[in-house]
Amino acid sequence: MTVRTRIAPSPTGDPHVGTAYVALFNLCFARQHGGQFILRIEDTDQTRSTPESEQDILRALRWLGLDWDEGPDVGGPHGPYRQSERKDSYRQYAMDLIEKGHAFYCFRTPEELDVIREERKAQGLNPGIKGDLELPAEEVQRRLEAGEPYVIRMKVPDEGTCVINDMLRGTIEIDWSQVDCQILLKSDGMPTYHLANVVDDHEMAITHVLRGEEWINSAPKHKLLYEYFGWDMPELCHLPLLRNPDKSKLSKRKNPTSINFYERMGFLPEAVINYLGRMGWSMPDEREKFSINEMIENFDIQRVSLGGPIFDVEKLRWLNGLWLREDISDDEFVERLRGWWFNEDALRALIPHVKGRADVFSDVAPMAAFMVSGMLELTPEQFAHNKLEEGQVKRVLQFALWRLEAQRHWSKENIFADIKELAKAMDLKMGEFMFPIFVAIAGTPNSWSVMDSMALLGPDMTRARLRHALNALGGFSKKETKKVEKEFAAL
Ligand code: GLU
């Protein structure tokens, strides 16, 4: 048997460090067994998936040095590797399950389902959606002929326990009463994650599924689907989730989670990969610095420890420093620095802004330093403004941050539109609203158009600086945050 593993990102946002972490472990496991590592795009959520996000994810994983043997960009014998292009086959599989009596048509509206959940709760039952929703065959036929919208759900047992084997956790038991009759095919004809994932893992001959522990609860549904189809199930291995230093689940609200941010900050891909390799895993000799090839040579999945690994940017920085000093020659240093941000394209992008403001070249570096910096040194005094109280300054930063976190298409025009709308909603003049933004982004209110700066700095660096500025002002307490969230929602 050839070991085949995969990473299956959904292209619905920034390339997440958690995706790179899981990809790395899948790659090491496959390579160590002389097997193959596949990349599959799970874009069945048509409203949230975008081609830009897909491109971004592929590019970021490549930047890190992760290489896949088969995927949407490199092809392979089991393609297409994008689920939206495999749409037709899923429907057929769902119909097969209906024929075999393992799935049923469901015509209930979300409102009806809510009522059913409440009723079940009142009876002391688990409020899950169960197979008793199935209608008599004639009724189904009548509704289908009438063209009523429907979904297809899988049947699951009402009681008993499902036993899952996990390579790291041994056996995991989950009560069937906890498991819903999962939708397999949505009313738009697209499969859900569960159906598409199982079908593709089978068709792509995946032998081992290494994925984040947030998927453990899906495992019973998947196991049942494999049984219904009569297929062998891949071995499962649920990796521990990455955590913030305060042990909470790694989230972009607290830490930059986009790989793009680390690239923009000037981290070395070798160091980022090295650090991800240390998330719950260690070398047999416990050494901290190692390359991806050394990791592959020494890989042993059983060395993964389940205590939540902490993703600490300071620690990563320290490791990056080691790499930079010990492994990058002077020539390479020059080369990498150029490639990073001291290159022709980056300089050209600055010309329209610096040319009109500089008299001599030596003026350029001070005025452009913020464009090539990480986090700026900020003090609360810098944010003092005669028209804005501190509470307003913090709100401007917080609201701008939340607003820009939701911005999917990063461009000067869209940033401008977001900001303008917020300023209006907060009843502030544009100049007043922009003051804290300038200080957060450029460290001074006297820079060139901050919209241009934000567009060039990119979403991740922009958000990180806004967050950093908020922190420099002491941020909001938990209680205040609740209040401010409400205000934001009401804008
Ligand atoms: N598309 C899922 C994700 O976004 C894949 C989960 C899995 O590996 O099964 O993480």
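Atoms within a ligand are numbered from 1 in the order they appear, just like the ligands themselves. Owing to the predicted nature of the structure, the values given are computational and were not obtained by experimental measurement.
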Parallel, tilted or perpendicular for [X] and [Y], by the 30°/60° rule?
X: His33; Y: Phe29; value: tilted
X: His222; Y: His194; value: perpendicular
X: Phe311; Y: Tyr262; value: perpendicular

Do any pairs count as a salt bridge (Lys or Arg N to Asp or Glu O under 4.0 Å) and have a residue in residues 14-41, sequence neighbours left out, and if so which ones? Asp14-Arg463, Arg31-Asp69, Arg40-Glu42, Arg40-Asp200, Arg40-Asp201

Residue pairs meeting salt bridge (Lys or Arg N to Asp or Glu O under 4.0 Å), one or both in residues 108-117, sequence neighbours left out, come to Asp114-Arg117

Qualifying ring pair (Phe, Tyr, Trp, His ring centres under 6.0 Å) pairs with a residue from residues 51-92, counting only residues at least two apart or across chains: none

Tabulation required: pairs of a nitrogen or oxygen in ligand 1 and a protein nitrogen or oxygen under 3.5 Å; columns are atom names and distance to 0.1 Å; otherwise 'none'.
{"from": "ligand 1", "atom 1": "1 (N)", "to": "Ala8", "atom 2": "O", "distance (Å)": "2.8"}
{"from": "ligand 1", "atom 1": "1 (N)", "to": "Ser10", "atom 2": "OG", "distance (Å)": "3.1"}
{"from": "ligand 1", "atom 1": "1 (N)", "to": "Glu42", "atom 2": "OE1", "distance (Å)": "2.6"}
{"from": "ligand 1", "atom 1": "4 (O)", "to": "Ser10", "atom 2": "OG", "distance (Å)": "3.3"}
{"from": "ligand 1", "atom 1": "8 (O)", "to": "Arg6", "atom 2": "NH1", "distance (Å)": "2.5"}
{"from": "ligand 1", "atom 1": "9 (O)", "to": "Arg6", "atom 2": "NH2", "distance (Å)": "3.1"}
{"from": "ligand 1", "atom 1": "9 (O)", "to": "Tyr193", "atom 2": "OH", "distance (Å)": "2.7"}
{"from": "ligand 1", "atom 1": "9 (O)", "to": "Asn197", "atom 2": "ND2", "distance (Å)": "3.1"}
{"from": "ligand 1", "atom 1": "9 (O)", "to": "Arg211", "atom 2": "NH1", "distance (Å)": "3.1"}

